[in-house]
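A quick note: this is a predicted structure, and the numbers were derived from the prediction, not measured. Order of listing sets the numbers, starting from 1, for every ligand and every atom in it. For this chain, numbers begin at 1 and follow the sequence in order.
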Amino acid sequence: MIIPPIVNQVVSLQDLCDKIAQNAVHIDQEGCFPEHEFKWMSDASLMDITLPGKPLSFEQDHTAELLDLLKQIGRANLPVGRIYEGHINALYLIHLFGTLEQQERWFSDVTTYEKLFGVWNTQDAGGVRIHDLGDGQYRLEGSKTFCSGAGWVECPLITGELLSADGKGWQMCILPKEKVQLLQVDSSFWKPLGMRASASFKVDFTGIEIEEIDLLGPPDAYYRQPYFSGGAIRFAAVQLGAAEAILEETQQFLRNAHRTEDAFQRARVAEISFLVETGNLWIHQAGIKYDLWVKQADKCEQLLAYANMTRTVIEDVCLRVMQLAERSIGSRGLMRPNNLERIHRDLTTYLRQPAPDQTLTAIGEYVLNQDTTRGLWNEQ
Ligand SMILES: Cc1cc2nc3c(=O)[nH]c(=O)nc-3n(C[C@H](O)[C@H](O)[C@H](O)COP(=O)(O)OP(=O)(O)OC[C@H]3O[C@@H](n4cnc5c(N)ncnc54)[C@H](O)[C@@H]3O)c2cc1C
């Protein structure tokens, strides 16, 4: 993919990703955030690429290309891929559920003001409640965990339990930029094995007041299917990027160590290669099927099962790729400053996504509920 020209130069996606990958080692620290990376991506027109009139507009069918882009960013640096996926997810939710006025407001925050979005839904026992104060005013109470980009995301989309006489449910809202400075960010929450630079801190929203126009969609829109579970193909694409990076690093490592003649090393590299290609075939096919099925209500269950399979296969591919690579490179390869040490930690951490067991059993449930397994994933 060629990114549109920027200030008198043409930047290829490859060049941009190389630059991001080269800087990954420098930001691999708790408390760090890929500040420069998002500036480069903004300069390269990647932050608004899914908005109306742009190359991968949500208004057209570009999911396979979007997944490929997410994979390439994830391959360059997994924390950058994670935060970028959150930004894209927020813009997609605005595309799906925002009024025209809201879309205009939030999309121009990206195109004109280069604002970074994110989606913060995960929470522990002290989760967010949205109290209706009347007259279109609401007050937030509680906190979120794993808020990627906290302290840097300028327009966070958060969810919470709406407590109102007019309606209840899981409500999305986007905090106004000026309120974001008031958030209490707890970076001490974030002591992870990997994904350090994703800055996935805990954030307390207690006392923040918002207005009706900041609420996105009706209660429970966030969990509307097939968008909610179907969206897993985006993080799966980012994860697969890291598996691709491991293949590249392992191949280079073995070549540099002159260990390419050994049959066991060849067998492991063969396996890593076809696992990564399996992942690519799944991600591509998931993108095609998403666009085909997402607007057909009677295909919702099929799409969810396919997305669940994609996510599960990619997790398995990544786990197997990591294990094969470990055996190939040995302990020397797993030492800093070798890139494999970091990518391994990042991928191990980022593979942990919500409800993997439920995802697997949902696939089985779908298949067992069909009258026959013939044509299970037919596209018509
Ligand atoms: C780097 C990173 C960045 C993230 N960024 C964001 C973000 O920006 N926004 C956001 O909203 N979230 C974010 N998350 C959170 C993420 O989406 C998941 O919610 C989280 O990683 C899941 O954590 P877990 O594996 O501990 O989940 P758990 O739900 O604790 O799952 C662990 C295991 O327990 C099983 N399990 C789950 N429930 C039960 C049960 N009731 N009984 C028995 N077993 C159960 C699961 O199937 C799984 O096998 C991020 C996570 C990471 C790692």
Close residues, ligand 1: non-hydrogen atom nearer than 4.0 Å: Arg82, Val119, Trp120, Asn121, Thr122, Phe146, Ser148, Trp190, Met195, Ser198, Ser200, Thr349, Arg352, Gln353, Pro354, Pro356, Asp357
Ring pair (Phe, Tyr, Trp, His ring centres under 6.0 Å) pairs, two or more places apart, involving residues 136-168: Phe33-Trp152, Phe146-Phe189
Contact list for residues 330-377, test ring pair (Phe, Tyr, Trp, His ring centres under 6.0 Å), sequence neighbours left out: Tyr306-Trp377, Tyr366-Trp377
Between Asp18 and Gln14: side-chain donor-acceptor atoms closer than 3.5 Å: yes
For Ser328, all residues meeting side chain to side chain donor-acceptor pair (under 3.5 Å), sequence neighbours excluded: Gln265, Arg268
CA sep, side-chain torsions, deciding dist, call: Ser164, Asp132, side chain to side chain donor-acceptor pair (under 3.5 Å): CA-CA 5 Å; Ser164 166; Asp132 186 351; 2.7 Å; yes
Cation-pi check, Lys202 onto Trp190 ring (under 6.0 Å, within 45° of axis): no
